[in-house]
There are 2 protein chains.
Amino acid sequence: MDPEKEITIYDIAKKLNISAATVSRGLMDHPSVNINTKQKVVEAAQEMGYRSNHLASNLRKKKSNIIGIIVGNLNSSFMSNVIAGVEKVLSEAGYNLIISQSLDSVAKEVNIAQAMYNNRVDGLMVSLAYETENADHFESFVKRGIPLVYFDRVWPHPKCPGIEIDNVKASYHITDHLIKQGCKRIAHITAFRLSSVAADRYKGYEQALIDNNLRVEEDLILRTQLTLKAGIEAAHTILAMAKRPDGVFVTNDACAVSCMQELKRHGIRIPDDIAFAGFNNDTEASIIEPNLTTVNYKGYDMGEVAAKILINRLNNSENVSPADNKLIQKSELVIRDSSLKKK
Amino acid sequence: MDPEKEITIYDIAKKLNISAATVSRGLMDHPSVNINTKQKVVEAAQEMGYRSNHLASNLRKKKSNIIGIIVGNLNSSFMSNVIAGVEKVLSEAGYNLIISQSLDSVAKEVNIAQAMYNNRVDGLMVSLAYETENADHFESFVKRGIPLVYFDRVWPHPKCPGIEIDNVKASYHITDHLIKQGCKRIAHITAFRLSSVAADRYKGYEQALIDNNLRVEEDLILRTQLTLKAGIEAAHTILAMAKRPDGVFVTNDACAVSCMQELKRHGIRIPDDIAFAGFNNDTEASIIEPNLTTVNYKGYDMGEVAAKILINRLNNSENVSPADNKLIQKSELVIRDSSLKKK
DNA sequence: ATTACTCTTGCAATCGATTGTAAATATGGA
DNA sequence: TCCATATTTACAATCGATTGCAAGAGTAAT
């Protein structure tokens, strides 16, 4: 048999002296096909090395069976967990997943959105690029009725569910925890450009201070890139302060950890001199000494939830209850030694 | 305009009173189309909200423009970095990436392979499931001439390049390093079922012992699942030994770290009582105290290399030099405090 | 034997874009 | 003006699978 030649349903039809329609129906187990015919078809297909051509079938069915997912970077522990959860749910539902990273560039995000649109994805999941300030480039999906679900870095839209955690609340709690431990001057390491996530966390921090009658001091707000390097720089900023903080709440763990390491290197005792809290519960948090107090929320779960919502929309596009428009994933405060001044 | 109606090249053709063929050629900038016509076509397309139907075009061109990637789990730091590298290269080359995880189950891997085959992926990248003991389910790709590239957990095949690191050599070096630090009894924490990766690392360990006139003792080989929990259990096994090892080489960092933590909890001093070495250079390795000596190799780079090789095969399928059949990515020993007995 | 069904099967159009080849138009030179 | 060569454009087949509808075969009841 020529290995180059692809077998089609027509080849099977010819061989069995029946029509291609019957072969097609036989292969997909259509009830109106005689059981014997069905068996013959399946056997012949097997024997001839037939493989269904999804390209043709997709064209005919106007359905690609593909779900697109766009993220900033997929190689963070959080994001890869999200994707793992998404992949699991989608593959169980029979969908394929195509992934693109915007590398946190708006321009790239726009291109990717366009490409996904042309590729006729059946649904789309998006965590916005860091810089993204509007979601116009996703409007085409909404217009065409293609289900769109935001997660983590969401964009509020009446027709698109957003899955996220309650960043304000979580950050309020963790700041409050630091205060309860006796901190009076709490620094906050956050981002330059306030994405909705960073903004919410800032808000929670601020509110906790206010509710505890502490001043919000601009000097204690360190705006950084939130990278490992930024953590080291932040440490130096703190060391250089005339009046150092007695607590630090960092918007992510990675940056918190590198900042802690640098401070330790300069003789700062944690938590005695400065208590620390992060966000994300990355692996590093339970390895650094002292272990880092942080906020835990499961990327894997968020991925699963987001994917399930998407599947749900795909199955019954009419039944879009506004109730599930904004979904809050639960998160929890994980208290570890980095913040425990009283024991 | 009806948002439900998809615009096709026929609609554009009708509006401009030209043929669909010309529209098609105009849109893809074919040289035989008059420049004025071309402009009119592009404008009309823009105005009418046309979007190319890749499903139709793929069918006609018999090319899906999709590359499949199959991995065990995508939510490890190493693997997500590989994928990030792959995605970058493929997207630059204009390909889409569809990802599936086998969850290290052979059965699932077989299914996924079949699905990818039917989906007409133009190329495939595979890191085998942990359990996989043969690669027959990928033969269909080879037969059809669909480029297949293995990475990390590779399968030797004359037609399929495999990108991996030299596990034997790296593990030889790290074991040798432990010996040079004065270790005489080095335990090795490895896997139950020896995947090629684990087997190679075992081989290097063994050879280093032999070359240094040390006995290879079966009691010191701990076969585990290599999980965090397994690390804790291994710690207890070590604690229970009549004659404890003075060094431990673990096949991966995560397990090494959890083992170290448990030993520390029981008063073992590292590296003085027991020196430690891991493999992978995960983030944890530079956070645990003492920092873990390990082997560094960049997942991102491996992903880039693997993807480039694949693209290369796609572009000139004939020019398959056997030279690039087995590609060794470089790796390096990262010496940290966990193994430094002499300072 | 005829009618009335139920089961199976086949016909033919359809999903949109691509492309080899033929036809139409345009350009230039004699 | 007319033929020869370039430029452009159109025709029609093709890529495979799917599906509404019609038609054929088979069975049972009258």
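In what follows, every chain begins at residue 1, and chains take the letters A, B, ... in the order their sequences are listed.
With sequence neighbours left out, B:K38 forms a salt bridge (Lys or Arg N to Asp or Glu O under 4.0 Å) with B:D29.
Of the candidates C:dA17, D:dA17, C:dT9, the closest approach to any side-chain atom of A:T22 belongs to C:dT9. Taking the side chain of B:S19 as heavy atoms from C-beta on, and the options D:dA10, C:dC11, D:dC15, the nearest nucleotide is D:dA10.
Atoms CD1 (B:I9) and P (D:dA10) sit 12 Å apart, rounded to a whole Å. Between A:L27 atom CG and D:dT19 atom P the separation is 13 Å, expressed in whole Å. Computed from coordinates, the A:H54 NE2 to D:dT18 C1' distance equals 13 Å when rounded to whole Å. In this structure, B:Y50 atom OH and C:dG16 atom P are separated by 10 Å, rounded to whole Å. Atom-to-atom, CZ of B:R60 to C1' of C:dT19 comes out at 5 Å; the value is rounded to the nearest Å. Nucleotide D:dG16 holds its C1' atom 12 Å from the NZ atom of A:K61, rounded to whole Å. Taking atom CG on B:D29 and atom P on D:dT8, their separation rounds to 13 Å, with Å as the unit. The CG-P distance, from B:N36 to D:dT8, rounds to 9 Å in whole Å.
For A:S32, no side-chain nitrogen or oxygen approaches OP1 or OP2 of C:dC7 to under 4.0 Å. For A:T8, no side-chain nitrogen or oxygen approaches OP1 or OP2 of D:dC15 to under 4.0 Å. OP1 or OP2 of C:dT8 has at least one side-chain nitrogen or oxygen of A:N34 nearer than 4.0 Å. Regarding contacts with the backbone of D:dC15, every side-chain N or O of B:K63 stays at 4.0 angstrom or more from both OP1 and OP2. Neither OP1 nor OP2 of C:dG16 sits under 4.0 Å from any side-chain N or O of B:S57.
Here the closest non-hydrogen pair linking A:N73 and A:M79 is O-CG, 3.3 Å. In plain terms, the two heavy atoms of A:I99 and A:I83 that are nearest each other are CD1-CG2, 3.5 Å. Taking all atoms of both residues into account, the shortest heavy-atom contact from A:P147 to A:D122 is CD-O, 3.3 Å.
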Mind listing the N/O atom pairs, protein and nucleotides 20-28 of chain D, below 3.5 Å?
residue: D:dG20; atom: O6; partner: A:R25; partner atom: NH2; Å: 2.6

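Using a 4.0 Å cut-off between a side-chain N of Lys or Arg and a carboxylate O of Asp or Glu, B:E304 and B:K298 do not qualify as a salt bridge.
At least one side-chain heavy atom of B:F138 sits under 4.5 Å from a side-chain heavy atom of B:Y150. Within the 4.5 Å cutoff, the side chain of B:H54 has no heavy atoms near those of the B:N96 side chain.
Both B:R120 and B:K38 sit near DNA chain D, but only B:K38 has its closest nucleotide nearer the 5' end. Closest-nucleotide positions on DNA chain D for B:V33 and B:Y10 were compared, and the one nearer the 5' end corresponds to B:V33.
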